[in-house]
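Beneath this line is the structure, given in structure tokens, with notes to follow.
Fair warning: this is a prediction, and the values are worked out from it, not measured in the lab. No hydrogens, no waters, no symmetry mates; every other heavy atom, side chains included, goes into these values. Whatever order the structure lists them in is the order used to number ligands and atoms, beginning at 1.
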Amino acid sequence: MDKFVMIIFGASGDLTKRKLMPALYTLYNAGRLPDDFFIVGIGRTDYTDSRYREYILNELHKNASVGQPERKPEDFCSHLHYLSLDPAEAGSYGLLDACLRKLTGEEKPENLLYYLATPPSLYGIIPLHLKAARLNRPHTRIIVEKPFGYDLESAQELNHIYASVFEESQIYRIDHFLGKETAQNILAFRFANGIFEPLWNRNYIDYVEITAVENLGIEQRGGFYDGTGALRDMVQNHLIQLVALTAMEPPAIFNADNFRNEVVKVYDSLAPLTREDLNEHIVRGQYTASAVKPGYREEKNVAPDSRTETYIAMKIGINNWRWKDVPFYIRTGKQMPTKVTEIVVHFRETPHQMFRCEGGHCPRANKLILRLQPNEGIVLKFGMKVPGPGFDVQQVMMDFSYDKLGILSVGDAYARLIEDCILGDSTLFTRSDAVEASWRFFDPVLRYWKENQNAPLYGYPAGTWGPLESETMMREHGAEWTNPCKNLTNTDEYCEL
Ligand code: BG6
């Protein structure tokens, strides 16, 4: 087989050191990278090969689970090379071409994988320069980070550019949430078990919550984040993918086309947002200073009068037979009390309740919690009689925790996705029509905010659960957010509000 070269644009950036290199090292350590491989980092920072290796080695010790390695990180780093060039400059690509030829000893290396881990402003430029330098060869692949586009129009333009350079089968739009073991397990849970699917619809489900919140701020990413915001950073991609996994129909055969067709069907069924939705069913917030943490506007590279949202909660409807009138409440936020990603499915109450609230316990509707991170697992909450006189019904839990499997730790999302791309499996990557369908749904929100500069942006003190208005939004359905305990150590630690 030809020598394999992965070319990372944005090689001196945050994503490369925190996610990509640790993932590549994980694959290397497990013997899952092709035998003969090179990794070429491209960036504007001036490194020599050896300085770059040193820098990555140092980062691997900080960010990768090096533990008791089969293969040493030093050996992995010996496969790294670095090219200091400006990827926005067409003239630089001759250097890349020369480097690839020299490394592989091949006149026209074909087995290339480009990874775009650059600021999104370069996503449209790099493929055109690759094409001009004839580096878009038939067997090359390209992975592009999210957000793919800034709105519907720019996503369509990007799709157009990519289609002029590569075949769709060569383009891998990455959304690392789909690489999470626990996200994939939503499909196994729903479609490999007979007992849940008959209940998975409007007849039995009252509403669904999807939460992906973090207890960190924007770290060193002020420049990127202030021009992006939570909707583009998390909702248009990660959260809506989770909606799709929760709401989709079972594909007849599990393959890239069928799976991705079902995802697009969910996006196409999203109930278009009305004026009332835009006014009342979307709550955006921005963290303010608290006793121990600075406010968003005090972060580095953030405008002092910034109106970028660091929190968003939305009510979403799906217009199809399965989900009509079942609200999906989604939320994401920075500087929340804890980091957690989970889906909470609220089943309907029993049609008639013969047990009364006694001894402080009331029968309650069943809840199923799919915890994606941390303490990955699944919890089913149901009522049980409290032993003793009378008929007190108390909520208890059936609890599955991944830890208890005792096999492997829950794998790394980036490692899974990079390996899939190397193997040519695009199932877990976003197709061009899906990215546009998702933007089509969210575009009115961006337009509404742009046209209504006074649309509310609620402040919330860093370290709290976001604006109270997001609770108000749910109350009209008799719903409320499920807020996990602050210090999650077990799957079963749920502090009800
Ligand atoms: C990234 C966002 O895509 O996902 C970040 O750009 C966010 O802002 C991150 O912090 C969350 O991912 P995870 O896997 O840590 O939950």
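- Geometric assessment of Arg232 against the ring of Tyr150 yields a positive cation-pi assignment under the 6.0 Å and 45° thresholds.
- Contact atoms of ligand 1 toward Lys339: 13 (P), 15 (O), 16 (O) (distance under 4.0 Å to a heavy atom of the residue).
- Close contacts between ligand 1 and Asp233 involve ligand atoms 2 (C), 5 (C), 6 (O), 8 (O) [criterion: under 4.0 Å to a heavy atom].
- The heavy atom nearest to atom 10 (O) of ligand 1, out of those in Glu214, Lys19, Met234, is found in Glu214.
- From the protein, the heavy atom lying nearest to atom 12 (O) of ligand 1 is His176 NE2, 3.1 Å.
- With ligand atoms numbered from 1 in the order given, ligand 1 contributes 13 (P), 14 (O), 16 (O) to contacts under 4.0 Å with heavy atoms of Lys180.
- Between Phe9 and Tyr114, the ring planes are tilted. Angles from 30° to 60° get that label.
- For Arg173 and Glu168, the salt-bridge test passes: some basic side-chain N is under 4.0 Å from an acidic carboxylate O.
- The shortest contact between atom 8 (O) of ligand 1 and any protein heavy atom is with Arg221 NH2, 2.4 Å.
- For Lys146, the side-chain hydrogen bond (donor to acceptor under 3.5 Å, both in side chains) partners are Asp233, not counting sequence neighbours.
- Classified by interplanar angle (parallel below 30°, tilted 30° to 60°, perpendicular above 60°), the ring pair Tyr329/Trp481 is perpendicular.
- Of the candidates His238, Gln373, Glu145, the one placing a heavy atom closest to atom 1 (C) of ligand 1 is His238.
- Neither the backbone nor the side chain of Tyr225 comes within contact range of ligand 1; no heavy atom lies under 4.0 Å.
- Ser306 and Arg297 are not linked by any side-chain donor-acceptor pair at a separation below 3.5 angstrom, with hydrogens and angles left out of the test.
- The ligand atoms of ligand 1 that sit less than 4.0 angstrom from a heavy atom of Lys334 are 5 (C), 7 (C), 8 (O), 10 (O).
- Interface atoms of ligand 1 facing Lys146, defined by a heavy-atom separation under 4.0 Å, are 1 (C), 2 (C), 3 (O), 6 (O).
- By the 30° and 60° cut-offs, the orientation of the rings of Phe196 relative to Phe189 is parallel.
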